[in-house]
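Lettering of chains follows the sequences in order, A, B, ..., and the numbering in each one begins at 1.
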Amino acid sequence: MARYNAKESERYWQGEWTQRGTFVTPNVSDKPKSYILEMFPYPSGRIHVGHVRNYTMGDVLARFRRAQGFNVLHPMGWDAFGLPAENAARDKGVNPREWTYANIATMRGQLQQMGLAIDWTREFATCDPEYYKHQQKLFTEFYKAGLVYRQEADVNWDPVDQTVLANEQVIDGKGWRSGAPVERRKLAQWFFKITAYADDLLQALDGLDRWPEKVRVMQKNWIGRSEGLRFTFDLSNGEKLDVFTTRPDTLFGASFVAISPDHPLASEIAKTDAKAAAFIEECHRIGTSEAAIETAEKMGYDTGIKADHPFDASWKLPVMIANFVLMGYGTGAIFGCPAHDQRDLDFARKYKLTVTPVVVPSDADPKTFDVGTEAYTGPGKLANSRFLDGLTVDAAKAEVAARLEKDGIGERTVNYRLRDWLVSRQRPWGCPIPMIHCAQCGVVSVPKDQLPVLLPEKINFDVKGNPLDADLDWKTAVCPACGEAAVRDTDTLDTFADSSWYFARFTNPASDTPVDKKAADYWLPVDQYIGGIEHAILHLLYARYFTRAMNKLGLVGVAEPFAGLFTQGMVCHETYRNAEGEWVSAEDVVKRDGKAFLRDTDLEVAIGPSEKMSKSKKNVIAPETIIADYGADTIRWFMLSDTPPERDIEWTDAGAEGCWRFVQRVWRLASETEGLPPAGPLTFIGTEPETELRQVTHRAIAAMTDDLEHLRFNRAVAQIYTLANAIGGAEKAGGAARREAIEALVLLCAPMMPHLAESCWQALGHDGLVAEAPWPKYDPALTRRDQVMLAVQVNGKRRAEFGVAKDADPKMVEKLALEQEGVIRALEGKTPKKVIVVPNRIVNIVV
RNA sequence: GCGGGCGUGGCGGAAUGGUAGACGCAACGGACUUAAAAUCCGUAGGGGUGAAAGCCUCGUGCCAGUUCAAGUCUGGCCGCCCGCACCA
């Protein structure tokens, strides 16, 4: 029998699937629907092994669901706007559009080589005008609905490159490209009003029971809901100051009021107070570097202004500017209660402010209780707090809130850590914001019939700042309202916007509205979404927000886009270094006797720990190398074997060899058809070896079906091995049982190794495609065990085991257990005190 | 600091509170072969005992606890990983 030729077989079946349109999905069907989606890739150039793992998992599910009789949507597209294309354009002088589409062509070919069951007729890239046109429509509709607004915001401004930088592009306070010190600037920026849904996004997390707990917790923390009180201080300069607190109960422990260096009041003070201005400057200088924030000491500046205590106007609190108060949270101002807040305590000790404990633990004496250097944040009774004395913390909170609300200077509020989503990007390779700025009419949206606002054909990167802003031809527009000359908004949307609704577009990518409601209502929500944990917060939160917004506008019927979420682990590989300590490319290394050598020179290299594949550590293995060596089915099988899908997997050559050997083994089992009955209905004889094989077969089907339902791919793989081992060891079993077992093996392998399965299916004499064959059913009569092995323990230690009929009478089981030789020996003549019989499991004898 | 997760052979990992180590990788022994590869069969947690089958004993990071029974449940430590982080 000829060896299995993966290269030939894979090319052949991929051609067949394409030609027959096997995976083209109709939007109308009698079958139940299943939408399987993996996070679509950025077209960076070539696919990497992480993509292979991601898309293999999704493909297994998609093929499994198809076989189970679902109408399966499994599309693919490209998250195609973004910075790498601009960098390539700047560095290599290429057109970002051409660079991107060339990458897409390469990567599409690579994905097709993997044999993915994808409906390629639905493919799109987010940089297609046909896609971003609809995104511009969405933006316009969100704007009309009040979900988009424009506001001044602090941005990181690179004065050399004349551009806004994302936080990640600021390194030690300097621009990543120019190296120039970054300035803070206020610029008018566009925002999506995600905070409008803060509470809903938070509460709905409880309903996402097919999401990892970890992701839900991360989102919950990110939204950061906290209940508290907002109230107003009267200041000695005649102004008022709002603060937010979650601890109104500690108000009589207040010893200062602090505002953020970015607070409007601070800026105002700085105008006339040079020292304050210098202090604020100093805060900004330290504030930008992340390492500095960690170790930053509390710093404060006394403005000289006093605040009246809300319950006693004669009690004056100093108003400080403090570096640890964040403008982005609450009101950007706090009152400090050092005894019960660690930061306030550190600050108070440094500036010699009073520290008055007002909450005292029940076992302490209020007169002598002292917090020392550690703030007390536990429960207790109020003290030193006038009318609050003796109350619990909760009662005191309620009392303070009630009084301040009554006085009209306070209000119970809910505060969120979540900020509105700033989406303006001063970048030329993104979706243009469809807005026009008119001197007369202000900001006007581009009318629908004038969309899309197309990017210019050529983008000139030899300018400072955003090339779109420098492109006067492109920038010049006519005001849709008054017809006078006006200018376009030259910002583009954050690319996270592109990926916030693509899953809805896939349901009908030809729709002339952003989303085809009928198609979306049929397909959404996505039944299983699969991707990396790195998107646990932003992408998933933005997509949830977009879906809610689209739902509000009547574009889709659901509010939650992803009913099931799975986050897969990364792909790792050993690292290697040469004698000079330099990284050595893993693809240049051969392993021998547990040691590593350079392929060309045979020099030994040091083996380092297994780490996430990365270019810098040179431990990347290109999927195309693996596919060229072993074929797609081998790499797919590897990605599913052994390691649970949510954990990091280590690629090893030895493991790949093992997978390749298994591919051959399955082929041998299925292609040596001598002695097998022909394809078709089977007649079984009831001999023992035949029944045994049938039992293994049916148990494998049952177990594997359950494992795939729960995405336990590694266990599903183990089931297949068990079945293959049983077939190999059962030469003498009847022909029909053997055929049944082999056919089951092929059908079970099909979602994981689809090309191999097609070849085997054909070798077994079938006409149709295994991709169109139904999932095998198991016979419960054959998965049931009539005979069970029972272990017998004496005082919890295993002493014997014996076989007995399933559901045997417990009395009889007890009697048999006590007769076992090992049991008698362990009892040493003693009489059992108690015998516990757990049916079909175990017997425990207590003496 | 806060939150979440994890800790089982040489390695990846199995195990509804019920015989710990399924399945795979690597290893070792054997068969086939002139030889190798491939393939097939077999062995395998540590220690002890036995000619052998076997039997005894220890064993899931550490220490307690609950239970007839704990890798699994509870409490406390230790270690590692991830997320957020001066969030008032």
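One atom, CD1 of A:I842, and another, P of B:U72, lie 16 Å apart when rounded to the nearest Å. Atom-to-atom, CE of A:M218 to C1' of B:G83 comes out at 5 Å; the value is rounded to the nearest Å. To the nearest angstrom, C1' of B:C84 lies 13 Å from CD of A:Q219. Protein atom CD of A:Q342 is 11 Å distant from nucleotide atom P of B:C87, rounded to whole Å. What separates CD1 of A:I223 from P of B:C87 is a distance of 19 Å, to the nearest Å. Going from atom CZ of A:F324 over to atom C1' of B:G1 covers 15 Å, rounded to whole Å. Between A:F662 atom CZ and B:U39 atom C1' there is a gap of 15 Å when expressed in whole angstrom units. Spacing between atom CG of A:D346 and atom C1' of B:G1 amounts to 12 Å, rounded to whole angstrom units.
Contact check on A:D706 versus A:R712 returns a salt bridge, with a Lys/Arg side-chain nitrogen under 4.0 Å from an Asp/Glu carboxylate oxygen. The pair A:E814-A:K811 does not meet the salt-bridge criterion, since no charged nitrogen lies less than 4.0 angstrom from a carboxylate oxygen.
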Item checked: Protein proximity profile, nucleotides 5-11 of chain B - base contact B, sugar-phosphate-only contact S, no contact -, cut-off 4.0 Å on heavy atoms -> -------

Next item on the list: Using a 4.0 Å cut-off on protein heavy atoms (strictly under), produce a 5'-to-3' string for nucleotides 41-57 of chain B with B for base contact, S for backbone-only sugar-phosphate contact, and - for none.
Entry: --------------SSS

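Scanning all heavy atoms of the two residues, the minimum distance from A:D633 to A:L756 falls at OD2-N, 2.7 Å.
Among pairs with a residue in residues 641-664 of chain A, none fulfils salt bridge (charged side-chain N to carboxylate O under 4.0 Å, His left out), at least two apart in sequence or across chains. Every pair passing side-chain hydrogen bond (donor to acceptor under 3.5 Å, both in side chains) that includes a residue from residues 223-233 of chain A is listed here, sequence neighbours excluded: A:D199-A:R225, A:R225-A:E227, A:S226-A:Y329, A:T232-A:D242.
Mapping A:W222 and A:I649 onto RNA chain B via the closest heavy atom, the residue that lands nearer the 5' end is A:I649. Each of A:Q719 and A:F244 was assigned the nucleotide of RNA chain B with the nearest heavy atom; the assignment lying further toward the 5' end belongs to A:Q719.
Distance check on atom C1': B:C56 versus B:G7 gives 30 Å, rounded to whole Å. Between B:A22 and B:G71, the two C1' atoms lie 15 Å apart (nearest whole Å). B:U66 and B:A27: their C1' atoms are spaced 42 Å apart (whole Å). Nucleotides B:G29 and B:A44 are separated by 11 Å at their C1' atoms, to the nearest Å. A distance of about 16 Å separates the C1' atoms of B:U8 and B:C80, rounded to the whole Å. Here, B:G54 and B:G42 have their P atoms 16 Å apart, quoted to the whole Å. B:C81 and B:U49 have their C1' atoms separated by 44 Å, with the value rounded to a whole Å. Comparing the same atom, C1', in B:G79 and in B:C25 gives a spacing of 27 Å after rounding to whole Å.
To the nearest 0.5 Å, atom OH of residue A:Y542 and atom CD1 of residue A:I537 are 10.0 Å apart.
The neighbour count for A:K350 NZ, taken as heavy atoms of other residues, nucleotides or ligands under 6.0 Å away, is above 12.
Across all strands shown, A:V325 has heavy atoms under 4.0 Å from base atoms, whether or not it also approaches the sugar-phosphate. Counting any heavy atom pair closer than 4.0 Å across all strands shown, A:N415 reaches no nucleic acid atom. Nucleic acid contact for A:S641: none, since no nucleic acid atom lies under 4.0 Å from a heavy atom of the residue.
In this structure, B:A14 makes no Watson-Crick or G-U wobble pair, since no nucleotide meets both defining distances under 3.5 angstrom. Across all strands shown, B:U19 remains unpaired; no Watson-Crick or G-U wobble contact has both distances below 3.5 Å. Nucleotide B:C55 has B:G48 as its partner under the Watson-Crick or G-U criteria, with both atom distances under 3.5 Å. Shown here, B:G7 forms a base pair with B:C78; the pair counts as Watson-Crick or G-U wobble because both key distances fall under 3.5 Å. Judged by Watson-Crick or G-U wobble contacts below 3.5 Å, the nucleotide B:A69 has no partner. Across all strands shown, B:U43 forms a Watson-Crick or G-U wobble pair with B:A27, both key distances being under 3.5 Å. Under the Watson-Crick or G-U wobble criterion, with both distances below 3.5 Å, B:G83 is paired with B:C2.
For B:A38, neither phosphate oxygen OP1 nor OP2 lies less than 4.0 angstrom from any side-chain nitrogen or oxygen of A:R665.
Among B:C25, B:C84, B:A88, the nucleotide with an atom closest to any side-chain atom of A:L326 is B:A88. Side-chain proximity of A:R417 to B:C84, B:A14, B:A26: nearest is B:C84. Counting only heavy atoms from C-beta on, A:R3 has its side chain closest to B:A38 among B:C86, B:A38, B:A88. Closest to the side chain of A:V838, out of B:G18, B:C40, B:U19, is B:G18. Set against B:A85, B:A88, B:C68, the side chain of A:N844 has B:C68 as its closest nucleotide. When the nucleotides B:C84, B:A69, B:A38 are ranked by their closest atom to the side chain of A:R661, B:A38 comes out on top. Here B:C23 is the nucleotide among B:C68, B:C23, B:U19 with the atom lying nearest to any side-chain atom of A:Y721. The nucleotide whose nearest atom lies closest to any side-chain atom of A:N323 is, among B:C86, B:G18, B:G83, B:C86. Counting only heavy atoms from C-beta on, A:V217 has its side chain closest to B:G3 among B:A88, B:G3, B:C40. Comparing B:G18, B:C87, B:A26 against the side chain of A:R841 picks out B:G18 as the nearest.
When the ring-ring contact (aromatic ring centres under 6.0 Å, His included) test is applied to A:Y376, the partners found at least two apart in sequence or on another chain are A:F369. Judged as a ring-ring contact (aromatic ring centres under 6.0 Å, His included), and not counting sequence neighbours, A:F244 has no contacts.
In this structure, a donor-acceptor pair under 3.5 Å is present between the side chains of A:N725 and A:R665. A donor atom on one side chain and an acceptor atom on the other are not found under 3.5 Å apart for A:Y721 and A:Q719.
Classified by its glycosidic torsion, B:G50 falls in the anti category, the angle being over 90° from 0.
A ring pair (Phe, Tyr, Trp, His ring centres under 6.0 Å) with A:F662 is found for one member of A:W637, A:Y630, A:Y4 and no other, namely A:W637.
Between the side chain of A:K298 and the base of B:C86, at least one donor-acceptor pair of N or O atoms lies under 3.5 Å.
A cation-pi contact, defined as under 6.0 Å to the ring centre and within 45° of the axis, links A:R417 to A:W222. Within the cation-pi definition used here (under 6.0 Å to the ring centroid, within 45° of the axis), A:K298 does not qualify as a partner of A:F347.
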